[in-house]
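The structure appears below as structure tokens.
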Amino acid sequence: MKIRTLGTQGFRVPALGLGCMGMSEFYGVRDDEESAATIQRALDLGVTLLDTADMYGCGHNEELLGRAIAGRREQVLLATKFGNVRDVAGKFLGVNGRPEYVRAACEASLRRLGVTEIDLYYQHRVDPAVPIEETVGAMSELVQAGKVRYLGLSEAAAGTIRRAARVHPITALQTEYSLWTRDVEAEILPTCRELGIGFVAYSPLGRGFLTGSFQKTDDLAAGDWRRQGPRFQGENFERNLAIVRGLEALAQRKGCQPAQLALAWVLAQGDDIVPIPGTKRRRYLEENVAAAAITLTPAELAELNHIAPAGGTAGMRYPEWSMAAVNR
């Protein structure tokens, strides 16, 4: 696995990470045994950047990772997040960026993960009621205390990123980025590059849509969270299939899978970008890892930009209530 560097503080990571959210909820039935085997296989393949959050499964995801990496901590780069608050039943209670909550959330994550230090600690969503300077100030204290190595933000606006970086170096911004979600190219990505902040691209496969696995909304399990997504519904779904059809055609000519082509496109957008495709199965992990070896020609990149131009996807990426919490 090739290595990339996030930020200017020397945080070296594999070119591809592993998003672990779907192992605990949102994307269908849970299988802890296969998920743990997938995590261990990822480490064997050099995919050492493992991404989780305290809200995934209300702590279950961190606990799962903690068990899966037991005895292999020295091989792992652990990234987790705080800020999205849920009750014991899973109900979302809002965003919390207060300094005292930052400290408490970190202690809880360390306990669930079974480690003494988190490699990359993100604020999952920006709390509009708390100045970003106060939140990042509390996060920086965790670095000084040796509980966190590097700091990150997720789904933050350009102005917020600038203010945060004045308080403490920000190593990475994690935000959605893929062939069907390209809004960061206008302002967010240039801001990160100006400030020397790495970019971690979540949902680089469009929540699985770009794999070609779904031909209709009913292909998703009844409890799958994606059924709520505007891009997976009605006319939007049908229009977005045109992107998949274009991917499939080019992938067939190139002798690879559509998912691999979509990942190769993200990787080709810059060495400061690290996609973290999520999966809970070894089969798809291995397919994703193979994408890192795919080289796209200028003509192929131009074709992909034509297939999926910025702004060409139908529908918002989240339901309206959830969109209110991003880019602030």
Using the side chain to side chain contact (heavy atoms under 4.5 Å, CB included) rule, take T175 and N327 through it: C-alpha gap first, then chi angles, then the decisive distance, then the call. CA-CA 9 Å; T175 293; N327 197 29; over 6 Å; no
Would you say the side chain of [Y] lies within less than 4.5 Å of the side chain of [X], judging by non-hydrogen atoms?
X: N84; Y: V95; value: yes
X: I273; Y: L189; value: yes
X: T279; Y: E287; value: no
X: E62; Y: T80; value: yes
X: N305; Y: W265; value: yes
X: V289; Y: V47; value: yes
X: E155; Y: Y122; value: no
X: H124; Y: V85; value: no

Show the nearest heavy-atom pair for residues [X] and [Y], with the distance to one decimal.
X: S35; Y: K280; value: OG-CB, 3.7 Å
X: P204; Y: S178; value: O-CB, 3.3 Å
X: V266; Y: A201; value: CG1-CB, 4.1 Å
X: A290; Y: Q260; value: CB-NE2, 3.5 Å
X: A172; Y: V200; value: CB-CG2, 4.0 Å
X: A251; Y: Q257; value: CB-C, 3.8 Å

Does [X] have its ring centroid less than 6.0 Å away from the ring centroid of [Y]?
X: F237; Y: F209; result: yes
X: Y177; Y: F199; result: yes
X: Y150; Y: H168; result: no

Out of curiosity, [X] [atom1] to [Y] [atom2], how far, rounded to the nearest 0.5 Å?
X: I307; Y: I243; atom1: CD1; atom2: CD1; answer: 9.5 Å
X: D119; Y: L6; atom1: CG; atom2: CG; answer: 11.5 Å
X: L120; Y: F11; atom1: CG; atom2: CZ; answer: 5.5 Å
X: M139; Y: L151; atom1: CE; atom2: CG; answer: 4.5 Å
X: H306; Y: L250; atom1: NE2; atom2: CG; answer: 12.0 Å
X: R111; Y: T116; atom1: CZ; atom2: OG1; answer: 14.5 Å

Does [atom1] belonging to [X] count more than 12 external heavy atoms closer than 6.0 Å?
X: Q215; atom1: CD; value: yes
X: K254; atom1: NZ; value: yes
X: R328; atom1: CZ; value: yes
X: R72; atom1: CZ; value: yes
X: E33; atom1: CD; value: no

Checking Q75 against T48: is there a side-chain donor and acceptor pair closer than 3.5 Å?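 No donor-acceptor contact under 3.5 Å links the two side chains.
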Checking side-chain polar atoms at under 3.5 Å, does H60 have a donor or acceptor matched by the opposite partner on D32?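 Yes, because at least one side-chain N or O of H60 sits under 3.5 Å from a partner of the opposite role on D32.
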How far apart are the C-alpha atoms of L142 and V102, what are their side-chain angles, what is the distance that settles it, and do they pass the side chain to side chain contact (heavy atoms under 4.5 Å, CB included) test? CA-CA 9 Å; L142 298 173; V102 175; 3.9 Å; yes
So is R226 actually on top of Y27's ring, under 6.0 Å and inside 45° of the axis?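 Verdict for Y27: a cation-pi partner in R226.
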Taking the six-membered ring of F82, is the NZ or CZ of R112 close enough (under 6.0 Å from the centre) and on axis enough (within 45°)?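 The answer is no; the distance or angle limit is not met.
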[X]: which of [options] passes side-chain contact (heavy atoms from CB on, under 4.5 Å):
X: N288; options: I276, L205, L18; value: L205
X: L78; options: D51, L65, L49; value: L65
X: R41; options: L43, T38, L45; value: L45

Without swapping roles, check the side chain of [X] against the backbone of [Y] for a donor-acceptor pair under 3.5 Å.
X: E25; Y: M21; value: no
X: D87; Y: K91; value: yes
X: E134; Y: P131; value: no
X: R182; Y: A308; value: yes
X: T160; Y: A156; value: no
X: K81; Y: T52; value: yes
X: R207; Y: S203; value: no
X: R227; Y: A221; value: yes
X: E34; Y: R282; value: yes
X: Q233; Y: Q228; value: yes

Could you tell me whether R162 and E194 have a side-chain N and a carboxylate O separated by less than 4.0 Å?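 Between E194 and R162 there is a salt bridge, with a charged N closer than 4.0 Å to a carboxylate O.
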Is it true that R4 and D272 make a salt bridge, defined as a side-chain N closer than 4.0 Å to a carboxylate O?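 No, no charged N to carboxylate O under 4.0 Å.
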If the condition is side-chain contact (heavy atoms from CB on, under 4.5 Å), which residues does Q252 pass it with, not counting sequence neighbours?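 Q252 satisfies side-chain contact (heavy atoms from CB on, under 4.5 Å) with no other residue.
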Name all residues meeting the side-chain contact (heavy atoms from CB on, under 4.5 Å) criterion together with T297; count only those two or more places apart in sequence or in a different chain, and write none if there are none.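 Expected list: A299, E300.
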Under the side chain to side chain contact (heavy atoms under 4.5 Å, CB included) criterion, do R149 and I118 qualify, and how do the steps go? CA-CA 6 Å; R149 293 177 63 203; I118 294 164; over 6 Å; no
For E238 and E235, run side chain to side chain contact (heavy atoms under 4.5 Å, CB included): C-alpha distance rounded to whole Å, both residues' side-chain angles, the deciding distance at 0.1 Å, then the answer. CA-CA 5 Å; E238 296 302 320; E235 185 178 331; 5.5 Å; no
Could you walk me through whether E141 and R103 pass the salt bridge (Lys or Arg N to Asp or Glu O under 4.0 Å) check? CA-CA 9 Å; E141 292 173 4; R103 292 186 285 268; 3.4 Å; yes
Residues R253, E303; criterion salt bridge (Lys or Arg N to Asp or Glu O under 4.0 Å); working and verdict: CA-CA 12 Å; R253 299 200 309 270; E303 183 173 349; 2.7 Å; yes
